[in-house]
Amino acid sequence: MILHELIDYEILRVIWWALLGVLLIGFAMTDGFDMGVGALLPFVAKSDTERRVAINTVGPVWEGNQVWFILGGGAIFAAWPPLYAVSFSGFYLAMFAVLAALILRPVAFKYRSKRDSAAWRSGWDWALFVGGAVPALIFGVAVGNVLQGVPFQLSPDLFSRYEGSYYGKFVGLLNPFALLVGVVSLSMLLTHGAAWLSLKTEGIVAKRARAIGTVTGLLTILGYALAGAWLAYGIDGYALSGEVVTNGPSNPLYSEVARTGSWLSAYTDRPWIAIAPVLAFIGMALAVLGLRAGREVSTLLWSKLGIFGAISSVGLTMFPFILPSSLDPRSSLTVWDSSSSHQTLFVMLVVTVIFMPIILAYTAWVYKVLWGKVTEKDVTGNSDTVY
């Protein structure tokens, strides 16, 4: 028996679908509070010292947290090549905006304190705001568009074609439902950033963060509920209408897909997936209560639970679809027809099993070493603090 045949192709596809979700959730849980702190910076910190305190809570860890984003992109490229090709083509300008914002962030971290000028530092502080708020918003907008279906079509040789110009496609992404999901994404990460600041700072910065986080947490809950209702009654879902070949060749055009009444019919077929939105509501609600009560570690953990529930609810609701097409439902990409080869998925899984525990152990060690609050004394009396 060939080694990769030890695990069935169908199982490998599901494993890599789940691992992609794990990487995206890991990115939101870790780099999410970095982006949240950046987006909150102009509002929770008024003086230069206060801003340095807030920045230094994420300064030592943001680069490591961003690795989850890189791993997610790499996993899409290697495990789901059609998804990588089609999504990066269709969301080209949106991706460019995200990358431009993310490029601003490291430059701001490195250059902010190079000059003792209020105008200089204020400019880089707003760059950190853009580097946090813009990706958080656009990631949500992208999810909102995926749930509605993306306007692409595959030719017989699997070449993807989109409607409209690049500019028109970008403007089309900014539709009401997608913007609502974008606001939910932004408010969710603002709440996560507030929970982090509540844990890592003290005094007025922590107090402002808890006040803002309470509001954004409530906004997240309301927006998530509204998006769910809109998804149930205002947006058609997708379903496989013909025979499903779960271990067949990766050619989306072999599948038969139809628009159906609602995405939420998945909860009738698989009632157990309702645990995901329940966790989203419970996690965010308890995070809000924790912020109001001034609790620290538990609030951050509840915020992570809310993020886990919200993101996993999207993946579980859409399964097995990963990128539906509004132009031609038959061109939609699913778990069963858009993966890499059996052998490729197996080799990647072996590598992941070896290196993922090392990454997790190192990350845990870093957070253990950096445990504790950042105070004004730390940033004013420590020459090693560069942010």
Interatomic spacing from [atom1] in [X] to [atom2] in [Y] - rounded to 0.5 Å:
| X | Y | atom1 | atom2 | value |
| --- | --- | --- | --- | --- |
| Leu190 | Leu186 | CG | CG | 4.5 Å |
| Thr220 | Ile307 | OG1 | CD1 | 9.0 Å |
| Leu327 | Phe152 | CG | CZ | 9.0 Å |
| Leu199 | Leu301 | CG | CG | 9.0 Å |

Got [X] and [Y] here, is their nearest side-chain heavy-atom distance under 4.5 Å?
| X | Y | result |
| --- | --- | --- |
| Ile359 | Leu71 | yes |
| Leu154 | Asp328 | no |
| Val314 | Trp263 | no |
| Val98 | Phe91 | no |
| Val181 | Val141 | no |
| Leu197 | Arg208 | no |
| Pro324 | Met318 | yes |
| Phe177 | Leu231 | yes |

Any ion pair linking [Y] and [X] (charged N to carboxylate O, less than 4.0 Å)?
| X | Y | answer |
| --- | --- | --- |
| Glu296 | Lys373 | yes |
| Asp48 | Arg112 | yes |
| Arg105 | Asp31 | yes |

More than 12 non-hydrogen atoms from neighbouring residues, nucleotides or ligands closer than 6.0 Å to [atom1] on [X], yes or no?
| X | atom1 | value |
| --- | --- | --- |
| Asp269 | CG | yes |
| Trp196 | CH2 | yes |
| Phe308 | CZ | no |
| Phe77 | CZ | no |

Do [X] and [Y] share a hydrophobic cluster (ILVMFWY, side-chain heavy atoms under 4.5 Å, transitive)?
| X | Y | value |
| --- | --- | --- |
| Trp17 | Val245 | no |
| Val58 | Tyr367 | yes |
| Trp68 | Ile103 | no |
| Ile70 | Phe355 | no |
| Leu316 | Tyr238 | yes |

- Stepwise side chain to side chain donor-acceptor pair (under 3.5 Å) test for Thr191 and Thr216: CA-CA 6 Å; Thr191 307; Thr216 57; 2.8 Å; yes

State, to 0.1 Å, how close [X] and [Y] come at their nearest heavy-atom pair, and which atoms those are.
| X | Y | value |
| --- | --- | --- |
| Ser326 | Gly149 | OG-O, 3.6 Å |
| Pro249 | Arg13 | C-NH2, 3.9 Å |
| Gly283 | Leu305 | CA-CD2, 4.2 Å |
| Leu264 | Ala232 | CD1-CB, 3.1 Å |
| Leu20 | Ala75 | CD1-CB, 4.5 Å |
| Met356 | Leu23 | CE-CD2, 4.0 Å |

- Message: Show, in sequence, the C-alpha distance, side-chain angles and deciding distance for Thr214 and Arg292, and conclude whether the side chain to side chain donor-acceptor pair (under 3.5 Å) test is met.
- Response: CA-CA 7 Å; Thr214 300; Arg292 286 178 59 86; 5.5 Å; no

Under the 3.5 angstrom rule, does the side chain of [X] hit a backbone N or O of [Y] as a donor-acceptor pair?
| X | Y | answer |
| --- | --- | --- |
| Asn56 | Val53 | no |
| Ser303 | Ala195 | no |
| Lys200 | Val374 | no |
| Thr334 | Phe321 | no |
| His342 | Leu12 | no |
| Ser87 | Leu83 | yes |
| Ser332 | Ser325 | yes |
| Asn145 | Leu173 | yes |
| Trp80 | Ser340 | no |
| His192 | Gly36 | no |

- Task: For ring-ring contact (aromatic ring centres under 6.0 Å, His included), just list the numbers for Phe96 and Phe88, CA-CA rounded to whole Å, side-chain angles, deciding distance to a tenth of an Å, and then say yes or no.
- Result: CA-CA 10 Å; Phe96 181 84; Phe88 275 65; over 10 Å; no

- Task: Examine the side chains of Asn65 and Asp34 and answer whether a donor and an acceptor come within less than 3.5 Å of each other.
- Result: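 There is such a pair (donor and acceptor under 3.5 Å, judged by atom type) between the side chains of Asn65 and Asp34.
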
- Ser262 and Ser265 side chains, donor-acceptor separation under 3.5 Å: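 No.
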
- Task: Over 60° means perpendicular and under 30° means parallel, so classify the ring planes of Trp126 and Phe129, tilted if in between.
- Result: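 Perpendicular: the ring planes of Phe129 and Trp126 meet at over 60°.
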
- Query: Once the angle between the rings of Phe109 and Trp62 is folded into 0 to 90°, is it parallel (under 30°), tilted (30 to 60°) or perpendicular (over 60°)?
  - Reply: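 The arrangement is parallel - the two ring planes meet at less than 30°.
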
- Message: Among Tyr254, Phe319, Tyr9, exactly one meets ring pair (Phe, Tyr, Trp, His ring centres under 6.0 Å) together with Trp336. Which residue is that?
- Response: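 The residue from Tyr254, Phe319, Tyr9 that satisfies ring pair (Phe, Tyr, Trp, His ring centres under 6.0 Å) with Trp336 turns out to be Phe319.
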
- So Leu345 and Ser339, side chain to side chain contact (heavy atoms under 4.5 Å, CB included) or not? Walk me through it. CA-CA 8 Å; Leu345 295 183; Ser339 71; 4.0 Å; yes

- Query: Within 45° of the ring axis of Phe159 and under 6.0 Å from its six-membered ring centre, is that where the NZ or CZ of Arg161 lies?
  - Reply: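 No cation-pi geometry.
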
- Query: Within 45° of the ring axis of Trp120 and under 6.0 Å from its six-membered ring centre, is that where the NZ or CZ of Arg115 lies?
  - Reply: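 Satisfied, under 6.0 Å and within 45°.
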
